[in-house]
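First the structure, in the form of structure tokens, and then the observations on it.
Please read these numbers as outputs of a predicted model, since none were measured by experiment.
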Amino acid sequence: MSLLGSFPEEAKPLLDVRGTDFVEKIGIEAVREIVLDVLCGINVRGATEQLTRRRLALLNAALLATVMRAGAADRLAAQAEEELSHRMPARDRRLLLWALGLTGKQQQNVLRSDLSALDEYAETYRETLVEAGKEAESSYGRLSCRLELDGHVATLDWTDALSLLAAMGSQTLAVRGAEKSLYGKLFEKLVLGSLLHALGFNLVDTPEEAQAGEQSFWLSSRGAKRESDATAVLCHEAAVRFDIGFIGVGNTELSLDKVSRFERAGDFAGESRFVKTIVLIDRIGTGSRITEMAGEIDGVIVQMSASTWPVTVGVELEGLHGEYESPLRNVSEPDLRYRLGDLVKDAPFERMLSIASSPGTRA
């Protein structure tokens with residue numbers, strides 16, 4: 001029986017997960033609490049890790065069941081290579097790529113998206129597993145592992161076991177990479193929208209709906225050079241482009257590049273305005289000069305790991321327009337969560353979710 005035909009039907013929904021699935025799973029109020037946590041400096045990854053681990057555990061189990069049902073425990077790579085020689089939708093190809101120790105991204109990088117190179121890769125991959133199996137036996141002793149699942153029996157040696165473990169490793173890499181992107185995109189919009197709502201700005205669907213003399217913002221605007229995640233217009237004269245990413249300390253050069261690529265002037269709400277850029281990242285490394293460097297090009301970088309980072313954004317906005325006063329002005333750290341909770345309780349989460357969760361976004 002084929003690997004694809006042996007994959008459990010009950011596990012297929014785990015292969016494609018959307019942002020809306022996450023919201024339905026934990027509920028809108030739980031999502032609000034996660035957003036509030038991020039606004040108070042807590043890492044968003046911690047909130048989604050438990051769901052990722054559960055999905056991975058169930059997919060690992062489904063992969064093992066697939067291999068046992070297909071009777072392919074002792075020829076997993078060869079079986080996957082044979083099935084990949086047939087035409088099929090890209091989404092069905094994932095399982096077979098995992099069986100060959102590949103993710104979709106690795107298919108692009110290692111095979112350059114050229115499946116005609118698969119034969120050579122698969123032969124080398126199998127040879128590598130055989131050599132690794134011999135080395136493992138020499139180092140650790142002979143392995144004979146008997147597996148039985150619902151009448152299907154397989155006996156694995158080192159090479160077979162390493163092949164199965166490599167498939168599960170590729171599956172794990174693929175799922176973690178996709179979920180990192182999925183949840184990042186979902187919460188970037190929700191956090192930005194909630195922040196600007198808390199700071200007194202009104203969400204509009206398009207830039208054309210923004211009115212002069214009002215404090216408005218919209219999500220996912222596109223400038224002449226590149227896309228920004230949100231744009232806020234103050235009453236007159238100034239606008240702010242926001243770029244957000246849950247970026248760690250290793251990507252500060254990218255953060256500065258984000259600042260420098262935005263224009264410093266633009267037409268918004270029927271007026272020509274000075275435009276400032278604020279980049280929100282997770283954390284800035286100790287001793288980094290990125291903040292000072294951003295200031296030299298009239299940009300601001302704010303780290304979301306700071307417990308009072310929304311207060312900092314409010315201060316930056318106050319510096320742009322004399323009439324603007326941040327609702328978070330003079331709010332102390334002990335009182336910040338309560339104040340933010342009060343400000344975001346009527347934030348338009350449903351509208352923001354419709355923007356953040358596009359139908360094509362899956363992991």
Can you give each donor-acceptor pair under 3.5 Å made by side-chain atoms of residues 139-147, sequence neighbours left out, with the distance rounded to 0.1 Å?
unit_1 : atom_1 : unit_2 : atom_2 : d
S139   : OG     : E135   : O      : 3.0
R146   : NH1    : E148   : OE1    : 3.1

Give the table of side-chain donor-acceptor pairs shorter than 3.5 Å for residues 3-15, with sequence neighbours excluded, one pair per line with atom names and distance.
unit_1 : atom_1 : unit_2 : atom_2 : d
S6     : OG     : S2     : O      : 2.6
E9     : OE2    : K12    : NZ     : 2.7

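Put simply, the side chain of Y125 never gets that close to the backbone of L102: no donor and acceptor are under 3.5 Å apart. Under a 3.5 Å cut-off, the side chain of W309 and the backbone N or O of D282 do not form any donor-acceptor pair. Remark: side-chain polar atoms of S170 are not paired, donor with acceptor, to backbone N or O of T103 under 3.5 angstrom. Counting only distance, with no hydrogens or angles, the side chain of Q215 and the backbone of G200 share a donor-acceptor pair below 3.5 Å. Judged by distance alone, with hydrogens and angles left aside, the side-chain atoms of E318 form a donor-acceptor pair with the main-chain N or O of S326 at under 3.5 Å. With D160 contributing its side chain and D157 its backbone, the two residues share a donor-acceptor pair below 3.5 Å. With hydrogens and angles ignored, the 3.5 Å screen pairs a side-chain donor or acceptor of T172 with a backbone N or O of M168. The main-chain N or O of V175 is never found under 3.5 Å from a side-chain atom of R55 such that the two would form a donor-acceptor pair.
Salt bridge present: E49 and R176 bring a charged side-chain N and a carboxylate O closer than 4.0 Å. The existence of a salt bridge linking R337 and E33 is confirmed by a sub-4.0 Å separation between a basic side-chain nitrogen and an acidic carboxylate oxygen.
The one candidate from Y324, F217, W218 that meets the ring-ring contact (aromatic ring centres under 6.0 Å, His included) condition with F201 is Y324. Here the rule is side chain to side chain contact (heavy atoms under 4.5 Å, CB included) with L343, and of V331, L199, L328 only L328 fits it.
Hydrophobic clustering of Ile, Leu, Val, Met, Phe, Trp and Tyr side chains at less than 4.5 Å, counting indirect connections, unites I28 with L190. When the side chains of ILVMFWY residues are joined at heavy-atom separations under 4.5 Å, either directly or via intervening members, M88 and W98 end up in a single hydrophobic cluster. When hydrophobic clusters are built by joining Ile, Leu, Val, Met, Phe, Trp and Tyr residues whose side-chain heavy atoms come closer than 4.5 Å, directly or via intermediates, W158 is not grouped with V130.
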Give the C-alpha distance, both sets of side-chain angles, the deciding distance and a yes or no for side chain to side chain contact (heavy atoms under 4.5 Å, CB included) between L280 and L195.
CA-CA 11 Å; L280 307 174; L195 170 70; 4.2 Å; yes
Under the side chain to side chain contact (heavy atoms under 4.5 Å, CB included) criterion, do M68 and D150 qualify, and how do the steps go?
CA-CA 9 Å; M68 292 295 293; D150 196 25; over 6 Å; no
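F242 places a side-chain heavy atom less than 4.5 Å from the side chain of L196. Side-chain atoms of L340 and C40, non-hydrogen and from C-beta on, do get closer than 4.5 Å to each other. Counting only heavy atoms from C-beta outward, the side chains of V240 and L234 approach each other to under 4.5 Å. H197 is not listed as a side-chain neighbour of K345, based on a closest heavy-atom distance of 4.5 Å or more.
Applying the side-chain hydrogen bond (donor to acceptor under 3.5 Å, both in side chains) rule to S332 yields the partners D335; only residues at least two apart in sequence or on another chain are considered.
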